[in-house]
Novice: 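Right, I'll just put the structure down here and ask away after.
Naming convention: chains lettered A, B, ... in sequence-line order (proteins, then strands); numbering from 1 in each chain. Because the structure is a prediction, the values reported are computed rather than measured.
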Amino acid sequence: MIAPALILVPLAAAALAFVIPSDRARPLVLPAAAFAHLALTAAALAGLAPVRPGVWLQLDALGGVVLGVVSLLFAICALYAPGYLRVRIDRPNRILCACLLAFLSAETLLVLSQHLGLMWVAVEATTLATAPLIYFNRNPRSIEATWKYLMIASVGIALALLGSLFLAYSAHLGGGGPSLLFGSLLESAAGFSRPWLRSAFVLLLVGYGTKMGLAPLHTWKPDVYGEAPGMVGALLAGGLTSCAFLALLRVYRIVNAAGEGDFARRLLVALGLLSMAVAAVLMVRQRDLKRMLAYSSVEHMGILVLGAGLGGAGLQGSVLHMVNNGLTKSVLFLAAGNIHRAFRSKSLDDVSGALVRLPLSGGLFLAGFFAITGSPPFAPFVSMFAILNAAVASGRWIVASLYVGLLAAVFLGMGATVLAVVQGRPSREALETPYTDNIRKTGPILLSMALVLLLGLWIPEPLRKLLAGAAAGFEVAP
Amino acid sequence: MYLADLLLVVAILMNFVALGAREMRVCIRAAALQGAVLSVLPLLVHRDPGINALLMAAGAALMKGILIPTLLQKAMRDVHVAHEVEPYVGFVPSLFLAGIGTAMAILFANRLPLAPEHVGSLVVPASLATLFSGFLLMTTRRKAIMQVVGYLLLENGVFVFGLLLIEAMSFLVEVGVLLDLLVAIFIMGIVLNHIRREFSSLDTEQLAGLRE
């Protein structure tokens, strides 16, 4: 009974947010719905059971990890939202609040889907729910970003639908039953028609890779993350990308079970390294701090698929990195949002001395930078190191050295921009803006940062078990 | 099967009409006709079409043939600008490319293994050719409305491929897909409206403020 409730609670809250007339009262629906969702998620994780055959909606271990990230991230952003929307009270927030909640519902549907077609419908629904979020600022730049996002994501998703159909046809030729449930697809995978399966994987990789923002399909990302409010950026970079990665992993698992794992892994490693390289190049001398975060997201999507492509321990590291990346991205985007408000700009031309102007938000931004670039003792270090270990352990020295080299390049490129933001003196105009940090705007970021630190030092036993369960599904009997 | 193949040929011809049209109105109508023709195809292909298939076909035909084109026509009329397509790539090269694309689609389709009941059918080539034409339309036309039309062709191409799996598809998922398409077009329409208000045009060249 928990599965439908998880989807319907945010949807009902979206309807409620839509009918509440007051711009001041409406944002309070967000934390209320977020905590109800978080409680349901905890209950669903506690009652995790093997997927029953024939069931369309059920949480499995891999989905559990993603649902945990999505729900926690949404709760952090929902805590932040009322304070933020109070600052932006000049703008109507009806559509923003309703779409945020509808987005949470669509993400949950995606995670719970055990059916290839239903999962696609949910991915498309996340796109449609997020498009209006990007457009919150109602200026020419945000319209341009929304249009690019709609067009590029729609083409990507159309290709993913074609890929899903190819996969289904591959199963049809292999004599598999008419069911498109993941369980029955995995069972009959060995007999699938190989040419169709390979084409299907390429199309699905392109389609869901577009949603993740893997290079060279990342072009919407800097525009969207640059123009959307910081809170929306956090939810996209931490939540939506994790969901798209989950969709890709579900397909990869089927391809792997069909005996085409090597083919898929080669593509994943290549695309992962390419994304890291593209991010490293474009991060150098980036003058816009939100666009810089977008390239950091491209880089980390690359790390995720690289880990998955290394398989075994790499995949396990990759699933953990999805959690760590999601939490750390919320620190960076929310802190960047505060800096943006205080300086009324997100360009290095106007922003400097964030540590003086906003000691807490500026400090958190700096800490978030060290965390996301893999500095110990923060959580991303653990998962990024696990992926390096997997590359070395399997003797792939070229991959390992490229990985380390690109991480170093990103650290330098991103570091130059981040230091320019936090150091120095703020301009006179920046000191005179009315914005001030308060607990409502920094508390949620502090909470998120504390989790990033905690997970870097100690992984709780239930999470460890969940991660092991998530990775176990990918092992195929020889 | 004969009638189904005939309709697929009509669908392929519509790709060429859309790519060769000078006026947006013609393009939108070509996409509408293509969508409507394809919507009834499942009834011809299905061995035993039930009430669900009938409802599905009626709904799809109504949406792709009437609702969406009306929405686009309205968006176009509201903008008091030239109704020419204004391509980046001229009409003759576009048609030439579409011809090559269609030929490639036929060649590629022949290389893939097919179930015995699908051998010799036009489904796979028509699907790939339509997909390619949609992609071409999206990337080589300046007007934002034309990108929506291109997206419709792209979706039609995917829909054609679905004919191969007609017996495996579940009704619920099909409805979901159709609903998603409708909402997508609706949201695109709203954004189109905002583009027009902000930029007083639907020319995508205006959308070039975000650069590195």
Side-chain angles (χ1 to χ4, degrees), chain A residues 56 115-118 120-125 127-129 131-132 135 138-151 153-155 157-166 168-173 176-180 193-196 199 222-224 226-227 282 286-288 291, chain B residues 108 111-116 118 124 127-128 131 134-135 138-139 144 147-148 150-151 154-165 167-170 172-181 183-188 190-192 194-199 204 206-212:
Chain A
W56 283 49
H115 185 280
L116 188 67
L118 186 64
W120 182 88
V121 170
V123 174
E124 170 80 10
T127 310
L128 300 175
Y135 185 38
R138 312 249 149 191
N139 55 29
R141 295 169 62 86
S142 64
I143 297 178
E144 183 182 336
T146 311
W147 187 251
K148 280 190 186 165
Y149 175 68
L150 263 178
M151 284 301 127
S154 300
V155 172
I157 292 172
L159 292 181
L161 179 59
L162 188 68
S164 303
L165 293 175
F166 272 33
Y169 195 64
S170 160
H172 178 70
L173 286 183
S179 164
L180 293 181
S193 154
R194 297 299 172 87
W196 284 103
S199 316
D223 296 345
V224 166
E227 300 313 313
L282 290 170
Q286 185 50 251
R287 309 279 307 161
D288 182 312
R291 290 177 79 89
Chain B
F108 182 69
R111 292 179 58 90
L112 285 166
L114 287 173
H118 298 137
V124 181
S127 162
L128 296 177
L131 209 78
F135 200 68
M138 276 188 96
T139 48
Q147 299 187 331
V148 182
Y151 173 66
L154 205 75
E155 278 281 353
N156 282 344
V158 178
F159 181 86
V160 173
F161 192 85
L163 291 173
L164 293 184
L165 290 157
E167 261 117 58
M169 273 306 196
S170 83
L172 198 69
V173 169
E174 276 184 69
V175 172
V177 170
L178 201 62
L179 204 67
D180 272 342
L181 175 66
V183 178
I185 300 289
F186 186 68
I187 291 182
M188 285 174 192
I190 295 175
V191 180
L192 273 178
H194 285 293
I195 294 178
R196 174 178 63 84
R197 229 184 286 156
E198 275 311 322
F199 299 98
T204 47
Q206 303 278 343
L207 299 177
L210 299 173
R211 290 264 163 92
E212 278 311 326

Novice: In terms of heavy-atom proximity below 4.5 Å to chain A, should L179(B) be classed as side chain, backbone, both, or neither?
Specialist: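 For L179(B), neither part sits under 4.5 Å from chain A.
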Novice: Between the side chains of R141(A) and D223(A), is the shortest nitrogen-to-carboxylate-oxygen separation below 4.0 Å, so that they form an ion pair?
Specialist: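 R141(A) and D223(A): not salt-bridged.
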Novice: Is the F161(B) ring parallel, tilted or perpendicular to the W196(A) ring (thresholds 30°, 60°)?
Specialist: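 Judged by the thresholds at 30° and 60°, the geometry between F161(B) and W196(A) is tilted.
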Novice: Which bit of F166(A) comes within less than 4.5 Å of chain B, counting heavy atoms only: side chain, backbone, both or neither?
Specialist: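 Its backbone and side chain both get close to chain B.
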Novice: I187(B) and L150(A): which non-hydrogen atoms are nearest, and at how many Å?
Specialist: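 Looking at all heavy atoms of both residues, the closest pair is CG2-CD1, 4.0 Å.
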Novice: If you count heavy-atom pairs under 4.5 Å between each of E174(B), Q147(B), R111(B) and chain A, which one has the most?
Specialist: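 The option with the most such pairs is Q147(B).
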Novice: So which of I157(A), L161(A), D288(A) has the largest heavy-atom pair count under 4.5 angstrom toward chain B?
Specialist: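 Counting heavy-atom pairs under 4.5 Å, the top option is L161(A).
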Novice: Based on non-hydrogen pairs under 4.5 Å, which of L165(B), I190(B), V191(B) is most in contact with chain A?
Specialist: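 Of L165(B), I190(B), V191(B), L165(B) has the most heavy-atom pairs under 4.5 Å with chain A.
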Novice: Heavy-atom distances under 4.5 Å only: say whether S193(A) touches chain B with side chain, backbone, both or neither.
Specialist: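 Side chain only.
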Novice: Who are the side-chain contact (heavy atoms from CB on, under 4.5 Å) partners of R287(A), not counting sequence neighbours?
Specialist: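 L348(A), D349(A).
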Novice: What's the shortest heavy-atom distance between A184(B) and L128(A), and which atoms?
Specialist: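 Where A184(B) meets L128(A) most closely, the heavy atoms are CA-CD2, 3.5 Å.
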Novice: Top residue by heavy-atom pair count (under 4.5 Å) with chain A, among P113(B), G134(B), S127(B)?
Specialist: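 Maximum pair count with chain A is reached by P113(B).
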Novice: Against chain B, work out which of A168(A), P140(A), G117(A) has the most heavy-atom pairs shorter than 4.5 Å and name it.
Specialist: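 Highest number of pairs under 4.5 Å: P140(A).
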Novice: Is F159(B) in contact with chain A via its backbone, its side chain, both, or neither, using a 4.5 Å heavy-atom distance?
Specialist: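 Nothing of F159(B), per the 4.5 Å heavy-atom cut-off to chain A.
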Novice: Measuring from atom CD of E144(A) to atom CG of N139(A), what distance do you get when rounded to the nearest 0.5 angstrom?
Specialist: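 Interatomic distance, E144(A) CD to N139(A) CG, rounded to 0.5 Å: 10.5 Å.
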Novice: Could you pull out all residues at least two apart from E155(B) that satisfy salt bridge (charged side-chain N to carboxylate O under 4.0 Å, His left out)?
Specialist: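 Applying salt bridge (charged side-chain N to carboxylate O under 4.0 Å, His left out) to E155(B) gives none.
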